[in-house]
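First comes the structure, then the notes that go with it.
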Amino acid sequence: PALAPDIMNSSGITMLEGIRPSWEPTDNMPGVIFTMNDGDNANKRILLFGGDMGPTSFRAGDDEVNLILRRKRYQLPVFVRLLNFDKGFHPNTEIPKSFSSLIEIDVQGVAREALVEMNRPFRYQGYTFYQASYADLEDGVQMSTFAIALNYGRLIPYIATGITFAGLALHFMVEIYRRRR
């Protein structure tokens, strides 16, 4: 349903349409429309969308209010600083072949360097840092984007492999014992 043009939004969006959620969580964009009383008995309709690049700004009485809808942020146990970014292209194209970031990991004042590549993530205390993307910004500045996952079950495949190996070894030892008897 289309909304009146008096709706406030930083991206110029004037309507939201509900759709069935996707199986891929990154495809799902949240949105909300609400009415806010600014204190002067004037209602303002505000639309917040997860894809907005900037905050929606408005005045509420004497105050400037900035609202943005974003994912929940989590504090990492480390400080990460980009030292160098390197990208390689397929021959005679502008299609990226590989990209990697040399980062500095600072844990309570102790710093060390690590390399994060496309198919070689950096792991630290259950966190996995994946090289997700990059951007060339103005003035030749490069930016590196990481996807960070906290994987509680990272040891489960190793444990399962160990149990399977122990079970097979026991099975073959029992069979050898039976045949010798």
State plainly whether one hydrophobic cluster holds both [X] and [Y], where clusters connect Ile, Leu, Val, Met, Phe, Trp and Tyr through side-chain heavy atoms under 4.5 angstrom apart.
X: V107; Y: F146; value: yes
X: Y152; Y: F129; value: yes
X: Y134; Y: L102; value: no
X: I163; Y: Y158; value: yes
X: L69; Y: L67; value: yes

Measure the [atom1]-[atom2] distance between [X] and [Y] for me, rounded to the nearest 0.5 Å.
X: I148; Y: N151; atom1: CD1; atom2: CG; answer: 14.0 Å
X: T56; Y: L47; atom1: OG1; atom2: CG; answer: 7.5 Å
X: R181; Y: I176; atom1: CZ; atom2: CD1; answer: 15.5 Å
X: I105; Y: E113; atom1: CD1; atom2: CD; answer: 10.0 Å
X: Y124; Y: L150; atom1: OH; atom2: CG; answer: 12.5 Å
X: L16; Y: I33; atom1: CG; atom2: CD1; answer: 4.0 Å

* So, for F122 and I103, which heavy atoms are closest and what is the spacing to 0.1 Å? ->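 Nearest pair, atom of F122 first, then I103: CD2-CD1, 4.5 Å.
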* Asked: Does CD belonging to Q108 count more than 12 external heavy atoms closer than 6.0 Å?
  ->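 No, not enclosed.
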* To do: Kindly check if the number of other-residue, nucleotide or ligand heavy atoms within 6.0 Å of CZ (F34) is above 12?
  =>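 Buried by this count: over 12 neighbours within 6.0 Å.
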* Just by distance, with hydrogens left out, do S57 and N66 show a side-chain donor and acceptor under 3.5 Å apart? ->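 Indeed, the side chains of S57 and N66 share at least one donor-acceptor pair under 3.5 Å.
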* **ILVMFWY clustering at 4.5 Å (side-chain atoms), partners of L170** =>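 When side chains under 4.5 Å apart are linked, the cluster holding L170 also contains V174.
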With a 3.5 Å cut-off and sequence neighbours excluded, list the donor-acceptor pairs that the side chains of residues 79-101 form with protein atoms.
from, atom 1, to, atom 2, distance (Å)
R81, NE, E104, OE1, 3.4
R81, NH2, E104, OE1, 3.4
K87, NZ, D136, OD1, 3.0
K87, NZ, D136, OD2, 2.5
T93, OG1, H90, O, 2.9
T93, OG1, I95, N, 3.3
S101, OG, Q131, OE1, 2.6
S101, OG, S144, OG, 2.6

* Asked: Is there a donor-acceptor pair closer than 3.5 Å between any side-chain N or O of D106 and the backbone N or O of A111?
  ->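 No; zero donor-acceptor contacts below 3.5 Å.
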